[in-house]
Amino acid sequence: MDGTICVFLVDLPLLTLVLAVIGVIAWNRNGGAMSVLGRGIPMDMKFVGIAAMVVLWLLLSVASMCLAFLGGLVVFYVLLFWLGHVAASIGAVLILTFLASIPFFWGWALLRSGEQR
């Protein structure tokens with residue numbers, strides 16, 4: 001793997017994930033989605049807040065899925081070559097289930113109110 005491929009496949013998704021996690025922590029510490037969707041806020045500010053939440057969710061989901069896919073690929077090959085195709089098939093189903101659950105996890109984390117902690 002040369003440097004350019006390493007930057008695009010590993011470093012960039014990892015940096016994006018770290019920055020987005022920092023954004024989620026800041027979002028929840030400032031009141032979370034309830035501060036954006038609350039009463040008394042002008043409609044144009046609600047649209048900006050909702051758009052920011054959707055972009056942050058998309059960024060987190062894509063970066064997490066990219067990194068989880070790369071890790072899952074390593075796990076899949078280890079299962080395939082050490083334990084056989086049955087274990088690799090079970091591992092593939094578990095990896096795909098985990099990849100499908102990532103957007104739901106980040107949606108829950110973003111919509112959780114900061115006051116609930």
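Predicted model only: the values in this text are computed from it and were never measured.
Across P103 and A100, no two heavy atoms sit closer than the pair CD-O, 3.5 Å. Scanning all heavy atoms of the two residues, the minimum distance from S61 to I102 falls at O-CG2, 4.2 Å.
With hydrophobic clusters built from ILVMFWY side chains whose heavy atoms lie under 4.5 angstrom apart, W108 shares a cluster with L56. Cluster annotation: V18 and L59 are assigned to distinct hydrophobic clusters (Ile/Leu/Val/Met/Phe/Trp/Tyr, side-chain heavy-atom contacts under 4.5 Å, transitive). L94 and F105 are members of different hydrophobic clusters when ILVMFWY side chains are connected at heavy-atom separations under 4.5 Å.
With hydrogens and angles ignored, the 3.5 Å screen pairs no side-chain donor or acceptor of W57 with any backbone N or O of W106.
Partner of Y77 under the side chain to side chain contact (heavy atoms under 4.5 Å, CB included) criterion, out of L79, V75, V74, L73: L73 alone.
Here the CZ-CD1 distance, from F76 to I90, works out to 12.0 Å after rounding to the nearest 0.5 Å. Summarising the geometry, atom CZ belonging to F69 is positioned 13.5 Å from atom CZ belonging to F98; distances are rounded to the nearest 0.5 Å. The structure places OG of S101 at 7.5 Å from CG of L99, a figure rounded to the nearest 0.5 Å.
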